[in-house]
Amino acid sequence: MKFHNLSISLVLSGAVAISWAGPLDKTECIAPAKPGGGFDLTCKLVQSSLLEGKYIADPMRVTYMPGGIGAVAYNTVIAQRPDAGNTIVAFSGGSLLNLAQGKFGRYSENDVKWLAAIGTDYGAVVVAENSPYKTMQDVMTAMKADPTKVVLGAGGTIGSQDWMKAALLARAAGVNPRTMRFVAFEGGGEAMTALQGNHIHVFTGDAAETMQQQKAGAKVRVLAVMSDKRLPGDMANVPTAKEAGADIQWPIVRGFYLGPKVGDADYKVWADTFAKMMGTPAYAKLRDERGLFPLAITGPELDAYVKQQVGGYRKLVEDFGLKVAN
């Protein structure tokens, strides 16, 4: 009889142990790219913040799943790991733009659970230090006078985020984006080098990325940032695009989603944890160190934000005559 009771107590203690294994145990962050890029940075920021804030007991594992600016990871999680409650996947504004263009295959923005936006960067209009263009208005005036005389460039091809920023600038100047001169580079670093060598005249890049390059000695000037209000710190003296003469906003959000079949209870645990973590000075310090500006949205509020962004991108994609997702 004693033996029988012992086995029951073992079974019960086993059941209790199993119930303790929640979404914050043995966590994993999927970075949908090779190591070293923005997705990796997003995962590492949260990996550090969760561990240092003691929200998780063991370090979060970072897994790399490159392909299509997030397409491979998106498809894999939905089709093969839809209920993995301890796995979060990084996304960016570029992922949302690709969703709007149908580049994630048969899946749309309605096929995952959007969890948290943890920070953002913003588009920027950048020229070389010795450029004759002193303001964004100067660039727009020159483009309007003769679009072939102003060479824009950035990382990414037609339809990419950086191309979209250039197209918005052209449109604001009264120029058809199809007639603008745009040179596509492999990445922002190459475009920045070309800018300093006067091979291109305007770089439509990212504010934080440009700020890091300036600190490293790049001879460039930021004419405007595509944010709704002026950015803090080193960028405080740079006007917003609206102040500079064109109402263009381009946030480059960074965040995470969960698989579509993750339970509501696990989703809530994650959302509450992110909300608590992002409210701390320790998190703000880690985010700032990685060159991201404040943006903290979780749960249903993020779901609404993402769907609004994708809807806006769809309209832009259509306006510029590019392929739109069905």
Side-chain angles (χ1 to χ4, degrees), residues 92-98 100-101 117 119-127 131 133-145 147 150-184 188 191-192 195 200-211 220-232 235-254 292-295 305-306 308-322 324:
S92 69
S95 316
L96 304 185
L97 181 59
N98 274 2
Q101 295 180 66
T120 188
D121 197 356
Y122 293 94
V125 180
V126 187
V127 295
S131 169
Y133 304 129
K134 302 300 179 202
T135 65
M136 194 178 81
Q137 195 66 59
D138 291 346
V139 174
M140 289 161 65
T141 302
M143 286 178 80
K144 192 169 176 60
V150 185
V151 185
L152 299 108
T157 52
I158 290 175
S160 69
Q161 288 210 80
D162 288 351
W163 182 88
M164 284 284 191
K165 288 179 259 179
L168 285 166
L169 184 62
R171 189 171 77 177
V175 172
N176 183 338
R178 288 178 176 278
T179 65
M180 73 175 176
R181 284 180 69 188
F182 181 86
V183 182
M192 194 76 86
L195 183 71
I200 61 172
H201 306 131
V202 182
F203 169 52
T204 47
D206 304 339
E209 178 189 7
T210 304
M211 196 163 69
V220 297
R221 279 185 290 121
V222 182
L223 299 183
V225 288
M226 296 176 177
S227 54
D228 55 342
K229 51 183 181 284
R230 288 206 180 194
L231 299 177
M235 290 265 172
N237 292 328
V238 179
T240 64
K242 187 172 185 177
E243 287 174 321
D247 193 1
I248 304 168
Q249 288 183 29
W250 197 273
I252 302 145
V253 62
R254 296 210 167 272
L292 285 177
F293 298 103
L295 182 73
Y305 174 87
V306 164
Q308 183 191 349
Q309 287 290 106
V310 175
Y313 288 150
R314 270 204 190 97
K315 176 150 187 355
L316 269 185
V317 167
E318 218 165 55
D319 289 351
F320 293 143
L322 305 171
V324 184

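Everything numeric in this text was worked out from a predicted model, so none of it was measured.
- At least one side-chain heavy atom of Thr179 sits less than 4.5 Å from a side-chain heavy atom of Val175.
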message: Does Met235 form a side-chain contact (heavy atoms from CB on, under 4.5 Å) with Val222? I'd like the steps, not just the answer.
response: CA-CA 9 Å; Met235 290 265 172; Val222 182; 4.0 Å; yes
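- With rounding to the nearest 0.5 angstrom, the CD1 atom of Ile248 is 12.0 Å from the NZ atom of Lys242.
- Side-chain atoms of Leu168 and Phe320, non-hydrogen and from C-beta on, do get closer than 4.5 Å to each other.
- Considering only heavy atoms from C-beta on, Leu223 stays 4.5 Å or farther from Val126 through its side chain.
- Taking 4.5 Å as the limit, some side-chain heavy atom of Leu231 sits within range of a side-chain heavy atom of Tyr122.
- The number of heavy-atom neighbours closer than 6.0 Å to CD1 of Ile158, taken from other residues, nucleotides and ligands shown, is 12 or below.
- Judged by distance alone, with hydrogens and angles left aside, the side-chain atoms of Lys165 form a donor-acceptor pair with the main-chain N or O of Gly205 at under 3.5 Å.
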task: Step by step, work out the side-chain contact (heavy atoms from CB on, under 4.5 Å) result for Val127 and Val220.
output: CA-CA 6 Å; Val127 295; Val220 297; over 6 Å; no
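- Shown here is Arg230, whose CZ atom has more than 12 heavy atoms of other residues, nucleotides or ligands within 6.0 Å.
- Distance check, rounded to the nearest 0.5 Å: CD1 of Ile252 to CE of Met226 gives 9.0 Å.
- At distances below 3.5 Å, at least one donor-acceptor pair connects side-chain atoms of Thr204 with backbone N or O atoms of Asp162.
- For the pair Ala191 and Ala154, the tightest heavy-atom approach, listed with the atom from each and the gap, is CB-CA, 3.8 Å.
- The shortest side-chain heavy-atom distance between Tyr313 and Leu96 falls under the 4.5 Å cut-off.
- Rounding to the nearest 0.5 angstrom, the gap separating the NZ atom in Lys144 from the CE atom in Met140 is 9.5 Å.
- For Ser95 and Asn98, the side-chain atoms include no donor-acceptor pair closer than 3.5 Å.
- For the atom pair Lys229 NZ and Thr240 OG1, the distance stands at 11.0 Å (nearest 0.5 Å).
- Separation of atoms CE (Met192) and CZ (Phe203) is listed at 4.5 Å; rounding is to 0.5 Å.
- In this structure a side-chain-to-backbone donor-acceptor pair under 3.5 Å is present from Lys134 to Ser131.
- Not a single donor-acceptor pair under 3.5 Å links the side chain of Arg171 to the backbone N or O of Ala166.
- When all heavy atoms of Met136 and Ala246 are compared, the closest pair comes out as CE-CB, 3.6 Å.
- The minimum heavy-atom distance between Ser160 and Gly155, with the atom names listed, is OG-O, 3.9 Å.
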- request: Please report the C-alpha distance between Val202 and Val151 in whole Å, then the side-chain angles of each, then the deciding distance to 0.1 Å, and finally whether the side-chain contact (heavy atoms from CB on, under 4.5 Å) criterion is met.
  value: CA-CA 6 Å; Val202 182; Val151 185; over 6 Å; no
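- Contact record, Ala184 with Thr157: CB-CA, 4.1 Å, taken as the closest heavy-atom pair.
- Applying the side chain to side chain donor-acceptor pair (under 3.5 Å) test to Asn176 and every residue at least two apart in sequence or in another chain returns nothing.
- Val139 places a side-chain heavy atom less than 4.5 Å from the side chain of Leu169.
- At least one side-chain heavy atom of Leu295 sits under 4.5 Å from a side-chain heavy atom of Val253.
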query: Given the rule in the side-chain contact (heavy atoms from CB on, under 4.5 Å) test, do Trp163 and Leu322 qualify, once you have shown the distances and angles that lead to the verdict?
result: CA-CA 12 Å; Trp163 182 88; Leu322 305 171; 3.7 Å; yes
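- Between Val310 and Tyr305, every side-chain heavy-atom pair lies at or beyond the 4.5 Å cut-off.
- When atom types are taken as modelled, the side chain of Arg221 and the backbone of Tyr133 share a donor-acceptor pair closer than 3.5 angstrom.
- Interatomic distance, Ser92 OG to Asp121 CG, rounded to the nearest 0.5 Å: 11.0 Å.
- When all heavy atoms of Pro177 and Ala170 are compared, the closest pair comes out as CA-CB, 4.3 Å.
- The minimum heavy-atom distance between Ala124 and Asp206, with the atom names listed, is CB-C, 4.1 Å.
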